[in-house]
2 protein chains.
Amino acid sequence: MSSTKQTADSGHGSSSRRAELLALAGRLFAERGFKSTTVRDIAEEAGILSGSLYHHFDSKESMADEILRSFLDELFGTYREIVARDLGPRKTLEAVVATSFEAVHNHHDEVAIFQNEAKYLVQFPRFAYLAERNAEFHELWTSILSEGVRTGAFRADLDVELTYRFIRDTVWVAVHWYKPAGSLSADDIADEYLGIVLDGIAARRGRRPARKSAG
Amino acid sequence: MSSTKQTADSGHGSSSRRAELLALAGRLFAERGFKSTTVRDIAEEAGILSGSLYHHFDSKESMADEILRSFLDELFGTYREIVARDLGPRKTLEAVVATSFEAVHNHHDEVAIFQNEAKYLVQFPRFAYLAERNAEFHELWTSILSEGVRTGAFRADLDVELTYRFIRDTVWVAVHWYKPAGSLSADDIADEYLGIVLDGIAARRGRRPARKSAG
DNA sequence: GTCTATAGATAGATAGAC
DNA sequence: GTCTATCTATCTATAGAC
């Protein structure tokens, strides 16, 4: 509180510059991978030298940690809100899928890092929460699917475990090709995707032609 | 041809030891990623020292190159055979999906490397063929889907480009969790996946209950 | 908050003995 | 075909000047 003037923040020496650097590092981690991104890369992108980064963060891991923690906290907060609304399996699934695609849109880099680097990062003790989040994710999805099978919203012969993996993977891997600036919005994609997952791509003989957003 | 006795091979100083080392490197590349796997890691796994690896290969890149080349040649050979059979869009799609899951089963490491490392490797000139293979893949899938829409096998309102990405991703990401030794065979999984992609997970009111393998 | 300078570790790769 | 020994480059991180 003398020469380092700061806006109100949550404990670290944060504020704008810090956030700026984190966003930058996040973009590089997402594009090139955590291991392949060097501290020098990040510094260069920020127009400073590598040593200067250590004034803001104490390690490269710290940066990834901070990025993932805040993202996952927010994401799972939203998931919990959805579940609490008690919309029934089908609407809940639609809402969770929509939220996930929105995350791909609004937090593209964070999703990419979570998808591509979690397996590597989880080996470090400080990233143990990544395994917990995955378990939480599993619980969220299989609950929705199981209840749907029970209530008759979903096919009775569904392999819940396999379907969970299918949905989880397809939702998240969109991060590999989705461009936030593209012509299709996250909602468009969520809608098309739900069309496939719920009704399939095969032509119907008679019923339910195209589905429209259930918003 | 003096002290280095070799079985008939295709140009390099190949034979069993070479193949052994390649398989080993492939496993590590698949598990930890290309960049995170050091030459020393590979050597240690083989019970030799890092310098000794350079008797067999002239670089780490060469190893990945050789692994991917032979795998992709074989895979796309099979794809071409399927297309040549002219089975119609739906059966072709089923066969291509089945083949892909078989690849996840039989060439697990290779698929993982192709999925996880292609984006990084393609930046090196020697790996330019990875981009070509991706284009070939795109052509294969969109042809099947477009023809299916044309003939009425698939929904008329399908976004072919988007559906292509979903199916492609769906098939390949299984490599992240599929264990060749697990209880479900590649065929079982292909069948379940086709069930979802073709008919969706939503319960039907009346028609077509569960599908059975068409292979 | 950034720079200079550098320590200390580890990476890919090479040369020659065995 | 493997080992010993080592070069060179690059990486994360630190210390202190400005």
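Only a predicted model underlies this, so the values are computations on that prediction, with no experimental measurement involved.
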(request) State whether B/Arg69 and B/Glu110 are salt-bridged, where the test is any N-O pair (Lys NZ or Arg NE/NH1/NH2 against Asp/Glu carboxylate O) under 4.0 Å. (result) no

(message) I'd like to know if B/Glu20 and B/Arg17 make a salt bridge, using a cut-off of under 4.0 Å between side-chain N and carboxylate O.
(response) yes

(request) Starting at atom CG of A/Asp58, determine the distance to atom P of D/dT14, rounded to an integer number of angstrom. (result) 8 Å

(request) Please report, rounded to the nearest Å, how far the C1' atom of C/dG12 is from the CG atom of B/Leu49. (result) 15 Å

(request) Mind calculating the distance between NE2 (B/His56) and P (C/dA13) to the nearest angstrom? (result) 15 Å

(request) Mind calculating the distance between CG (A/Leu53) and C1' (D/dC11) to the nearest angstrom? (result) 14 Å

(message) Could you tell me how far apart A/Lys60 (NZ) and D/dC11 (C1') are, to the nearest whole angstrom?
(response) 8 Å

(message) Please determine whether a side-chain nitrogen of the Lys or Arg among A/Lys119 and B/Glu31 lies less than 4.0 Å from a carboxylate oxygen of the Asp or Glu.
(response) no

(request) Ignoring backbone atoms, test whether B/His55 places a side-chain nitrogen or oxygen under 4.0 Å from the OP1 or OP2 oxygen of D/dG1. (result) yes

(request) Using heavy atoms and a sub-4.0 Å distance, could you list which residues of residues 36-48 of chain A are near DNA chain C? By number, please. (result) A/Ile48

(request) Please name the residue in the list A/Asn134, A/Asp65, A/Asp73 that meets the side-chain contact (heavy atoms from CB on, under 4.5 Å) test with A/Tyr129. (result) A/Asp65

(request) Compute the centroid of each ring, for A/Phe137 and then for A/Tyr79, and state whether the two points are separated by less than 6.0 Å. (result) yes

(request) Considering only NZ, NE, NH1 and NH2 on the basic side and carboxylate oxygens on the acidic side, decide whether A/Arg85 and A/Glu81 come within less than 4.0 Å. (result) no

(request) Specify the separation, in whole Å, of atom CZ of B/Arg17 and atom C1' of D/dT2. (result) 9 Å

(message) One pair to check against side chain to side chain donor-acceptor pair (under 3.5 Å): A/Tyr120 and B/Ser36. What are the steps and the verdict?
(response) CA-CA 9 Å; A/Tyr120 170 75; B/Ser36 296; 5.2 Å; no

(request) For the helix from C/dG1-D/dC18 to C/dC18-D/dG1, measure the angle between the helix axis at one end and the axis at the other, each built from five pairs, rounding to 10°. (result) 10°

(request) Please state how far atom OH in A/Tyr54 lies from atom C1' in C/dT6, giving the value in whole angstrom units. (result) 14 Å

(request) Could you state the atom-to-atom distance from NZ of B/Lys35 to C1' of C/dA11 in whole Å? (result) 10 Å

(request) Please check the phosphate of C/dC3 (OP1 and OP2 only) for any side-chain N or O of A/Ser52 closer than 4.0 Å. (result) yes

